[in-house]
Amino acid sequence: MKPNFIEELKWRGILHDMMPGTEEELAKGMATGYIGFDPTADSLHVGSLAQIMTLLRFQLAGHKPLALVGGATGMVGDPSGKSAERNLLDSDTLNKNVDGIKKQLSHFLDFDCGANSAELVNNYDWFKNFSFLDFIRDAGKHITVNYMMAKDSVKNRITGETGMSFTEFSYQLIQGYDFYHLWKEKKCKLQMGGSDQWGNITTGTEFIRRKASGEAFALTTQLIKKSDGTKFGKTEGGNVWLDREKTSPYKFYQFWLNVSDEDSKSYIRIFTLLNQQEIEELEAKQQAAPHERHLQKALAKDITIRVHSEADYLQAIETSEFLFKSKAEDVSKLDVNNFERMLGGIDTFEVSKADVANGINMIDLLVEKAPVFTGKGKAREMVTANAVSLNKNKTTDVNTSINLSHFTGEKFLLVSKGKKENYLIKLK
RNA sequence: GGGUCAGUACCAGAGUGGCCAAAUGGGGCAGACUGUAAAUCUGCUGCGCAAGCUUCGGUGGUUCGAAUCCAUCCUGGCCCA
């Protein structure tokens, strides 16, 4: 028996709001619904993962999911939640981004399972030949400026202090037209998205109603919050991406493992398919032995395997064990091959052998040759603050000279900055 | 086009001729305590080992001395047309 989509979202704490009648519509049988993804970068990040999971749950509940990549909307820029005008992306970048995102989305959904197979669409396809005059006549005529101005995304900017360009103002109309297009061409009756998308989505349902007297529905999900109020999905290194070239599986795994106790309870519901009973069992275990972090481990495992692979997950664990548990002796026992395999997932700097052959001051090495630190002052500060280890040996003397003998197999040196950040220096 | 207000470090925001590398808060980083959690406490947070150097939208000027005064330009808000 297939799960009920709405019920599923409710107990997981994902549902934020939906239009009246949405639940009844879905109960009638297979429905088609979509979520849009912005091509602001060439990879999706963990924030988009929540929406991907929503689409996946939609499909698992027997419905047909459409994933829309915003090739056209990306050219305009969504003002929702933005306090300032965005920079426009040029079309080369945009195309590259659209391709990258399409590729990623195709990993998560089932595109070959009969009637409710997922589909990937790009709104650029129906906007590229749409002239401006046609658009303002066919679309613009159905929505009043008064209606558009009443949206929070617009109101905030008008009453705020930055203003808003006509380009961004018109964004909601473009997204609204998308919904209409999919409604007409694919019988898509539901648009989903984060709660910040409510305004844009309802412009779509309104548009469908006014232009075609049609019925369409909206459903929004809770924005992912962190208990400390900071932005979800960022680490020291910036965004956490789904692309392994941008965020290695090891770092990806670490990101989830480092989630706070409080957040892990909601994340495990949002980002995994584990059922209610499994989650409650994990919570009980967590309660009994908080330091074992059952929730974080289960969360990190599930997501790492889904986004990367089982092998990547196992490697991430091995690397983690090594980096966090090992002592200096353990590092010295590693041979070159193990070093390479174990630490492939951390940031690596290549330094020429000649630079260290005659010995080099550690500060110079870590700033100029392998920029672990951004400035010498910073580097000195960290070293004196007892924050830097070389091959797991705490090093507090800024005058330490590094030579070949410090490198395992004359090839690798593990530099740790603080407790959690590790870098590999590789001689070539 | 006219009027008006504004532009300060990652962000917010004080400073309105020397005491200013620039208050304060937030964020970030590190240390201690822990569990790679949270909370708390401590230190750091323009560059430089240092002397010193470069910063307060841009440029030019006044002055012994400018983030601060003047001119001009750029950018943005609001109001009027």
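Within every chain, numbering begins at 1; the chains are lettered A, B, ... in the order of the sequence lines, protein sequences first and strands thereafter.
Straight-line distance between the C1' atoms of A23(B) and G15(B): roughly 8 Å, to the nearest whole Å. Using atom P as the reference point in both C69(B) and U16(B), the two lie 10 Å apart (nearest Å). With P as the reference atom, G58(B) and G52(B) are 26 Å apart, rounded to whole Å. Across A66(B) and A21(B), the matching C1' atoms stand 15 Å from one another, rounded to whole Å. Here, G27(B) and G7(B) have their P atoms 25 Å apart, quoted to the whole Å. Nucleotides A9(B) and U55(B), compared at atom C1', are 9 Å apart to the nearest Å. A67(B) and U59(B) have their P atoms separated by 13 Å, with the value rounded to a whole Å. The gap from the P atom of A39(B) to that of C19(B) amounts to 39 Å, rounded to the nearest Å.
Residue A387(A) places its side chain closer to A30(B) than to any other of A30(B), A37(B), G35(B).
For the residue pair E421(A) / Y423(A), a side-chain donor-acceptor distance below 3.5 Å is found, with atom types taken as modelled. Side-chain contact annotation: N123(A) with T73(A), donor-acceptor N/O pair under 3.5 Å present. Looking only at atom types and distance, the side chain of S401(A) has no donor-acceptor partner in the side chain of N361(A) under 3.5 Å away.
No close placement of the Y177(A) and W126(A) rings is indicated, their centers lying 6.0 Å or farther apart.
Base-pair partner of G7(B): C74(B) (Watson-Crick or G-U wobble, both distances under 3.5 Å).
With hydrogens and angles left out, the side chain of Q296(A) and the base of U36(B) share no donor-acceptor pair within 3.5 Å. Interface remark: the K419(A) side chain does form a donor-acceptor pair with the U34(B) base, using a distance-only criterion of under 3.5 Å.
Here U36(B) presents its P atom at 11 Å from NZ of K392(A), a figure rounded to the nearest Å. For the pair K226(A) NZ and G28(B) C1', the interatomic distance rounds to 12 Å; values are reported in whole Å. Following rounding to the nearest Å, E321(A) (CD) and U36(B) (P) show an atom-to-atom distance of 11 Å. Distance D263(A) CG to A37(B) P: 13 Å, rounded to the nearest Å. In this structure, K251(A) places its NZ atom 15 Å from C1' of U36(B), rounding to the nearest Å.
In K394(A), the NZ atom is crowded: over 12 heavy atoms of neighbouring residues, nucleotides or ligands sit closer than 6.0 Å. Surrounding NZ of K151(A) are more than 12 heavy atoms belonging to other residues, nucleotides or ligands, all under 6.0 Å away.
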Protein within reach of the bases, or only the backbone? For nucleotides 43-57 of chain B, mark each nucleotide 5' to 3' as B, S or -, using heavy atoms under 4.0 Å. -S---SS--------
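When heavy atoms are screened at a 4.0 angstrom cut-off, S264(A) is found touching no nucleic acid atom at all. At a threshold of 4.0 angstrom between heavy atoms, the contacts of N258(A) include nucleobase atoms, whether or not backbone atoms are also involved.
Put simply, K394(A) has no side-chain N or O that comes within less than 4.0 Å of OP1 or OP2 on A30(B).
Geometrically, R210(A) engages Y147(A) in a cation-pi contact defined by less than 6.0 Å to the ring centre and at most 45° from the axis.
Two residues, Y253(A) and N386(A), neighbour RNA chain B, and the one matched to the more 5' nucleotide by heavy-atom proximity is N386(A).
The OG1 atom of T348(A) lies 6.0 Å from the CD1 atom of I346(A); values are rounded to the nearest 0.5 Å.
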